[in-house]
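Here's the structure we're looking at; comments come further down.
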Amino acid sequence: GIAGSMQLSGSLLEPTLDVALQGQDLLAGTGADSEPLDVSALLRFVPNTGELTGRAEATRSGRSLVSARLEGSLTNDAGNPYVFAAWRAGELRAAAMLNDVPLELWPAAAREHAQARLYGSVAYERRGAEEHQRAQIEIGGLSVNGQPLGSGRLALDSSPGGSFAELQL
């Protein structure tokens with residue numbers, strides 16, 4: 001099931017908002033590796049400073065599959081933290097580490113009967129209108145419809161200066 005909570009602390013002049021989410025026994029029975037997935041996330045927002053932080057983790061049988069973090073700042077065009085529609089992302093940084101993630105958790109891969117184990121990192125950075133995305137992923141034991149294709153590596157880098165992608169199998 002999925003559960004969540006929201007906590008507002010501090011004062012009306014200096015509030016802090018914490019949002020926590022937990023999902024347990026998710027995606028059970030969706031593939032050959034049908035152990036359920038557990039997910040937890042915590043997000044903290046400080047309206048006076050625009051500070052935004054978060055972390056999330058996905059586990060299976062107590063083993064960490066994905067560990068992610070988020071840091072950044074939001075700006076409020078109205079100058080009033082209670083005008084929610086006026087919040088805009090100023091600067092954001094997010095990163096995730098993948099550790100033995102089953103490819104078949106991705107629905108498109110599961111539909112095509114693709115299986116593999118993924119290891120590596122993905123990152124996203126935004127400063128104003130400029131975005132930068134990176135990924136370095138090792139692919140272990142890739143097979144499609146039971147046909148082994150081997151192992152490989154995926155490298156992606158996309159920024160305002162250009163994009164690069166390379167897949168080696």
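In what follows, residues are counted from 1 in the order of the sequence shown.
- Here Ser9 contributes atom OG and Leu17 contributes atom CG; the two are 8.5 Å apart, rounded to the nearest 0.5 Å.
- No chain of hydrophobic side-chain contacts below 4.5 Å, direct or via other Ile, Leu, Val, Met, Phe, Trp or Tyr residues, connects Tyr124 to Met97.
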Practice problem: Might you work through the side-chain contact (heavy atoms from CB on, under 4.5 Å) test for Val66 and Asn99, ending with a clear yes or no? | Solution: CA-CA 6 Å; Val66 178; Asn99 182 34; over 6 Å; no
Exercise. Apply side-chain contact (heavy atoms from CB on, under 4.5 Å) to Asn76 and Trp87, showing your working.
Key: CA-CA 4 Å; Asn76 188 296; Trp87 285 104; 3.2 Å; yes
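- Shown here for Ser143 and Gly146, the closest heavy-atom pair between the two residues is CB-C, 4.4 Å.
- The 12-atom threshold is exceeded at CG of Leu169, counting heavy atoms of other residues, nucleotides or ligands nearer than 6.0 Å.
- Separation of atoms CG (Asn48) and OG1 (Thr16) is listed at 8.0 Å; rounding is to 0.5 Å.
- Partners of Glu71 according to the salt bridge (charged side-chain N to carboxylate O under 4.0 Å, His left out) rule, which considers only residues two or more places apart in sequence or in another chain, are Arg93.
- By the criterion of side-chain heavy atoms lying less than 4.5 angstrom apart, applied directly or through intervening Ile, Leu, Val, Met, Phe, Trp or Tyr residues, Leu105 is grouped together with Val39 in one hydrophobic cluster.
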Quiz item: Are Asp100 and Arg63 close enough, and set up right, to give a salt bridge (Lys or Arg N to Asp or Glu O under 4.0 Å), and what steps lead you there?
Solution: CA-CA 9 Å; Asp100 197 26; Arg63 265 185 328 103; 3.2 Å; yes
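- Note: the hydrophobic cluster containing Val101 also contains Trp106 (ILVMFWY, side chain heavy atoms under 4.5 Å, direct or indirect links).
- For Asp77 (side chain) and Arg88 (main-chain N/O), no donor-acceptor pair under 3.5 Å exists by modelled atom type.
- Scanning all heavy atoms of the two residues, the minimum distance from Ala135 to Val122 falls at CB-CG1, 3.7 Å.
- With sequence neighbours excluded, the residues forming a salt bridge (charged side-chain N to carboxylate O under 4.0 Å, His left out) with Glu125 are Arg127, listed by chain and number.
- Taking every heavy atom of both residues into account, Gly4 and Leu21 meet most closely at CA-CD2, 3.9 Å.
- Pairing each heavy atom of Ile137 with each of Ser121, the nearest pair is CG1-O, 4.3 Å.
- The side chain to side chain donor-acceptor pair (under 3.5 Å) pairs that include a residue from residues 158-168 are Ser158-Ser163, Glu166-Gln168, where partners are two or more places apart or lie in different chains.
- Legend: salt bridge (charged side-chain N to carboxylate O under 4.0 Å, His left out) pairs involving residues 132-152, not counting sequence neighbours, sorted by first then second residue: Glu138-Arg153.
- Judged as a salt bridge (charged side-chain N to carboxylate O under 4.0 Å, His left out), and not counting sequence neighbours, the contacts of Asp18 are Arg44.
- With rounding to the nearest 0.5 Å, the separation of CD1 in Ile2 from CG in Leu26 is 5.5 Å.
- Ile139 has its side chain out of reach of Ser151: every pair of non-hydrogen atoms, C-beta onward, lies at least 4.5 Å apart.
- Cluster membership for Leu65 and Leu154, using ILVMFWY side-chain heavy atoms within less than 4.5 angstrom, is shared.
- The nearest pair of heavy atoms linking Pro36 to Arg60 is O-CG, 3.5 Å.
- Nearest heavy atoms, His132 versus Asp157: NE2-OD1, 2.7 Å.
- To the nearest 0.5 Å, atoms CG (Leu42) and CG (Leu70) are separated by 11.0 Å.
- Formation of a donor-acceptor pair under 3.5 Å by the Ser11 side chain with backbone atoms of Glu14 is found in this model.
- Around atom CD of Glu112, no more than 12 heavy atoms belonging to other residues, nucleotides or ligands sit under 6.0 Å away.
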Exercise. Assess whether side-chain contact (heavy atoms from CB on, under 4.5 Å) is satisfied between Leu74 and Phe45, documenting all intermediate values.
Key: CA-CA 9 Å; Leu74 303 180; Phe45 178 56; 3.6 Å; yes
Considering only distance and modelled atom types, tabulate donor-acceptor pairs under 3.5 Å from the side chains of residues 49-57, sequence neighbours left out.
residue, atom, partner, partner atom, Å
Thr49, OG1, Val46, O, 3.4
Thr49, OG1, Glu51, N, 3.2
Glu57, OE2, Ser64, OG, 2.9

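- Atom CG in Leu149 sits 11.5 Å away from atom CD in Gln115 (nearest 0.5 Å).
- In this structure, CG on Leu103 lies 5.0 Å from CG on Leu118, to the nearest 0.5 angstrom.
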